[in-house]
Each structure stands twice: as C-alpha cells, then as structure tokens.
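Below is one structure, written out as structure tokens; comments come after it.
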Number of protein chains: 2
Amino acid sequence: MCTIAEVSRKFELSQDTLRYYERVGLIPRVNRNKSGIRDYTEEDCRWVEFIKCMRSAGLPVEVLIEYVSLFQQGDATVLARKDLLIEQRNQLMLRIEEMQKMMERMNDKIDRYEQTILAAKKTLQKPEE
Amino acid sequence: MCTIAEVSRKFELSQDTLRYYERVGLIPRVNRNKSGIRDYTEEDCRWVEFIKCMRSAGLPVEVLIEYVSLFQQGDATVLARKDLLIEQRNQLMLRIEEMQKMMERMNDKIDRYEQTILAAKKTLQKPEE
DNA sequence: GGTTGACTTGGAGTTAACTCCAAGAGGTAC
DNA sequence: GTACCTCTTGGAGTTAACTCCAAGTCAACC
C-alpha cells in the first residue's frame with residue numbers, strides 16, 4: 001500500500017518516530033515486502049492516525065502500548081479496552097477543565113494588562129492631567 | 001513568612017522542585033534569613049501558585065522563565081508580557097480544542113465498546129437465537 | 001557494473017523537567 | 001556538647017519520548 005516516506009508525509013511524523021512507534025508496540029508490526037521494506041496497509045495507516053491523535057491529546061505512550069497489546073489479544077479484551085479508554089477519557093476531562101480554568105485566568109491577566117496599557121496611553125495624550 | 005517545607009506542603013510541590021524553579025528563574029529569588037534558610041513571602045507564594053498553575057496547564061518552563069524575567073525588568077515590559085500571554089493563551093486554546101475532539105472520539109469508541117458488550121451479553125442470555 | 005538514494009537494523013544521544021545525592025551548616029533537645 | 005533534624009549548595013542521575021547515527025541492503029538508473 002504505502003512506504004514509510006509516504007506515511008511520514010501524510011501524518012507529519014518523522015520516519016524515525018514511525019519506526020520508534022512500531023518498535024515499542026505503539027502500532028502493530030507493519031509488514032515488509034520481499035526486500036524487507038515496510039509496506040503500510042490502510043489499517044496500519046488508521047493505527048498511525050489514531051495513535052498520533054491520542055499522543056497529541058497527551059495520552060502516555062505506555063498506556064497506548066497497553067491498548068494496542070490488548071487489541072491484539074482479541075475479543076476477550078473488549079472490556080479491559082473499554083475500561084482503559086474510560087480511565088483515560090476521565091483524565092483527559094480533568095486536564096481539559098484545568099486548562100480551561102487557566103485560560104480564563106490568562107484572559108483576565110491579559111485584560112488587566114490591556115487596561116494598564118490604555119491608561120498609560122491616555123496619560124501620554126493628556127500629560128497635563 | 002514561611003519555610004520551604006510549608007510551601008512544599010501547601011502547593012504539593014517537592015522541595016527539590018521549588019529549589020529547581022528558583023534556580024532556573026521560574027520564580028524570583030526567595031530571600032534567606034540570617035542563617036541562609038529560604039523565607040517565602042506572601043508574594044513568593046503567589047508566584048509559586050501561579051507557576052504551578054501555568055505548568056500544569058502545559059506552558060513550557062522556558063516561556064515562564066521569560067515571563068518572570070520580563071516581570072523583573074519592570075513596567076517597560078508590560079506590552080511584551082501581554083503579547084507573551086496572548087501567544088500562550090492562543091496555543092492553550094488550540095490544545096484544548098484538540099483535546100476536546102479527542103474526547104468526543106474516545107466517547108464514541110467507548111459507546112461502541114458498550115454496544116459490543118451489550119450484544120455479547122444478550123447472546124449469552126438467549127443462546128437459542 | 002558502479003553509483004545513487006531510500007530503506008533496513010540495533011543502539012547511542014538528546015531534550016525537558018524534574019529528582020536525587022553528598023557534604024556541610026544552623027538551631028533545638030536532651 | 002553531641003545527636004538530630006531541617007535546611008543549604010552544586011552537581012549528577014532519571015524518565016519519557018523521541019531523534020540521530022553507523023553500517024549495511026536493495027532496486028534502479030546511467
């Protein structure tokens with residue numbers, strides 16, 4: 001289907017990162033052609049996309065390795081996978097809430113800076129006051 | 001005002017982390033008493049709280065060092081500080097959006113797992129079907 | 001048939017952000 | 001006055017997550 005160079009371009013992950021992900025088990029092993037070169041299938045690409053997304057949302061590599069490993073063990077692990085996702089979803093939720101609080105705080109600070117700057121400008125315009 | 005042990009307990013940051021933050025300039029230098037021991041003022045504590053919050057929202061240490069350094073240079077840097085905050089606020093916003101998308105995706109996945117599990121249970125209950 | 005370029009591997013190196021350690025000093029408790 | 005505890009410093013070590021490197025293979029073009 002496609003080479004590491006193509007997958008790398010498509011998902012904006014370095015070839016090294018892709019090889020690393022495969023090495024540590026973050027994505028299932030990719031098949032090689034007769035001369036030993038990686039040949040990513042559609043499914044491989046879906047994994048790459050999924051993992052990239054999960055990683056950029058901040059899920060630890062270790063947890064994702066666990067997820068992939070469960071996945072490869074088949075249907076018996078459906079419950080465990082669901083629980084893992086729920087746990088991570090909850091943590092994600094907490095982090096989002098924390099970040100939103102921080103956003104508000106930064107917005108307040110920015111507003112206050114804005115007013116300080118405005119006040120300073122006025123003083124400049126009407127120095128007699 | 002208070003010792004490193006107290007600040008450490010209050011903000012749940014290790015003493016090592018507090019010393020590290022001070023060492024690299026993440027918080028302004030804390031005064032020492034006559035025997036060389038850190039004596040955190042109220043303002044020091046506010047800095048610690050602020051930095052802890054910023055860090056847990058994911059702002060890089062490097063950026064925060066820059067902010068503290070600007071702060072210490074006085075009023076002339078108000079504009080630069082505001083710009084720095086705006087830039088970081090925007091990045092934070094992007095990260096939050098990305099994480100929210102990921103949350104939805106995880107919720108979908110969890111729902112699908114739930115249905116799989118439900119279906120499996122039904123099959124168990126009525127094996128004749 | 002030799003050179004080029006993209007790929008392979010295992011392993012070493014890097015970066016950010018802590019975290020730990022050794023050696024030593026000050027204050028208090030017996 | 002000595003044992004103990006908490007603190008100090010500078011510097012080394014750790015962890016996660018890549019990122020880079022050297023040595024080698026293979027197909028393709030000239």
Side-chain angles (χ1 to χ4, degrees), chain A residues 1-27 29-41 44-45 47-48 50-69 88 91-92 95 98 102, chain B residues 1-27 29-41 44-45 47-48 50-69 88 91-92 95 98 102:
Chain A
M1 234 256 95
C2 63
T3 70
I4 198 167
E6 282 158 355
V7 177
S8 167
R9 244 173 285 125
K10 199 158 157 192
F11 297 108
E12 294 184 293
L13 290 170
S14 77
Q15 300 191 13
D16 269 319
T17 299
L18 286 169
R19 282 190 279 258
Y20 163 72
Y21 280 178
E22 185 179 342
R23 179 159 38 166
V24 299
L26 244 177
I27 53 172
R29 183 175 166 83
V30 175
N31 273 339
R32 317 292 142 115
N33 65 17
K34 46 276 168 253
S35 48
I37 287 177
R38 283 176 182 77
D39 185 24
Y40 289 78
T41 64
D44 291 330
C45 289
W47 269 110
V48 170
F50 174 68
I51 290 299
K52 181 192 169 161
C53 207
M54 293 292 232
R55 282 293 303 126
S56 63
L59 277 77
V61 166
E62 217 189 336
V63 170
L64 294 172
I65 290 173
E66 169 78 3
Y67 184 79
V68 175
S69 150
Q88 294 301 314
Q91 293 208 15
L92 196 54
R95 256 181 295 141
E98 195 163 17
M102 200 60 226
Chain B
M1 235 257 92
C2 63
T3 69
I4 197 168
E6 283 159 353
V7 177
S8 167
R9 244 172 284 126
K10 199 157 156 191
F11 297 107
E12 293 183 292
L13 289 170
S14 77
Q15 300 190 15
D16 270 317
T17 300
L18 286 169
R19 283 189 280 258
Y20 163 71
Y21 280 178
E22 184 178 342
R23 177 158 39 164
V24 299
L26 244 177
I27 54 173
R29 183 173 165 83
V30 175
N31 273 339
R32 316 292 144 116
N33 66 18
K34 46 277 167 252
S35 47
I37 287 175
R38 282 175 183 77
D39 185 23
Y40 289 78
T41 64
D44 291 331
C45 289
W47 269 111
V48 170
F50 174 68
I51 290 298
K52 182 194 167 160
C53 207
M54 293 291 231
R55 282 294 302 127
S56 62
L59 277 77
V61 165
E62 217 188 337
V63 170
L64 294 171
I65 290 173
E66 169 78 3
Y67 183 79
V68 174
S69 151
Q88 293 302 314
Q91 294 209 13
L92 197 53
R95 255 181 297 142
E98 195 163 18
M102 201 59 226

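Throughout, a chain's letter reflects where its sequence line sits, starting with A, and its residues are numbered from 1.
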Any non-hydrogen side-chain atom of [X] less than 4.5 Å from a side-chain atom of [Y]?
{"X": "A:Y21", "Y": "A:V68", "value": "no"}
{"X": "B:Y40", "Y": "B:E22", "value": "yes"}
{"X": "B:T17", "Y": "B:F11", "value": "no"}
{"X": "A:L59", "Y": "A:Y67", "value": "no"}

NA contact type, A:R55, heavy-atom cut-off 4.0 Å: base, sugar-phosphate, or nothing?
->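 Counting heavy atoms under 4.0 Å across all strands, the contact made by A:R55 is with sugar-phosphate only.
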
Under 4.0 Å from OP1 or OP2 of [N]: is there any side-chain N or O of [X] that close?
{"X": "A:R23", "N": "C:dG10", "answer": "no"}
{"X": "B:S35", "N": "C:dA25", "answer": "no"}
{"X": "A:R32", "N": "C:dC7", "answer": "no"}

Rounding to a whole Å, what distance do you find between [X]:[atom1] and [N]:[atom2]?
{"X": "A:I65", "N": "D:dC18", "atom1": "CD1", "atom2": "C1'", "value": "12 Å"}
{"X": "B:N31", "N": "D:dT8", "atom1": "CG", "atom2": "C1'", "value": "15 Å"}
{"X": "A:L64", "N": "D:dA16", "atom1": "CG", "atom2": "P", "value": "14 Å"}
{"X": "A:R38", "N": "D:dA27", "atom1": "CZ", "atom2": "C1'", "value": "18 Å"}
{"X": "A:E62", "N": "D:dT14", "atom1": "CD", "atom2": "C1'", "value": "15 Å"}
{"X": "B:I51", "N": "C:dA17", "atom1": "CD1", "atom2": "P", "value": "12 Å"}
{"X": "B:K52", "N": "C:dC18", "atom1": "NZ", "atom2": "P", "value": "11 Å"}
{"X": "B:E66", "N": "C:dA16", "atom1": "CD", "atom2": "C1'", "value": "17 Å"}

Has A:Q91 got more than 12 heavy atoms of other residues, nucleotides or ligands less than 6.0 Å from its CD?
->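 Correct, the count exceeds 12.
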
For DNA chain D, what residues of residues 5-22 of chain A have any heavy atom nearer than 4.0 Å?
->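 Only A:D16, A:T17, A:Y20, A:Y21 qualify.
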
From D:dC18, C:dC7, D:dT8, nucleotide with atom closest to B:I4 side chain =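 Output: D:dT8.
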
If you look at every heavy atom in A:E6 and A:M1, which pair is closest and at what distance?
->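 In this case the closest contact between A:E6 and A:M1 is OE1-O, 4.3 Å.
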
Of all heavy-atom pairs between B:R95 and B:G58, which one has the smallest distance, and what is that distance?
->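 The pair with the smallest heavy-atom distance is NH1-CA, 3.6 Å.
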
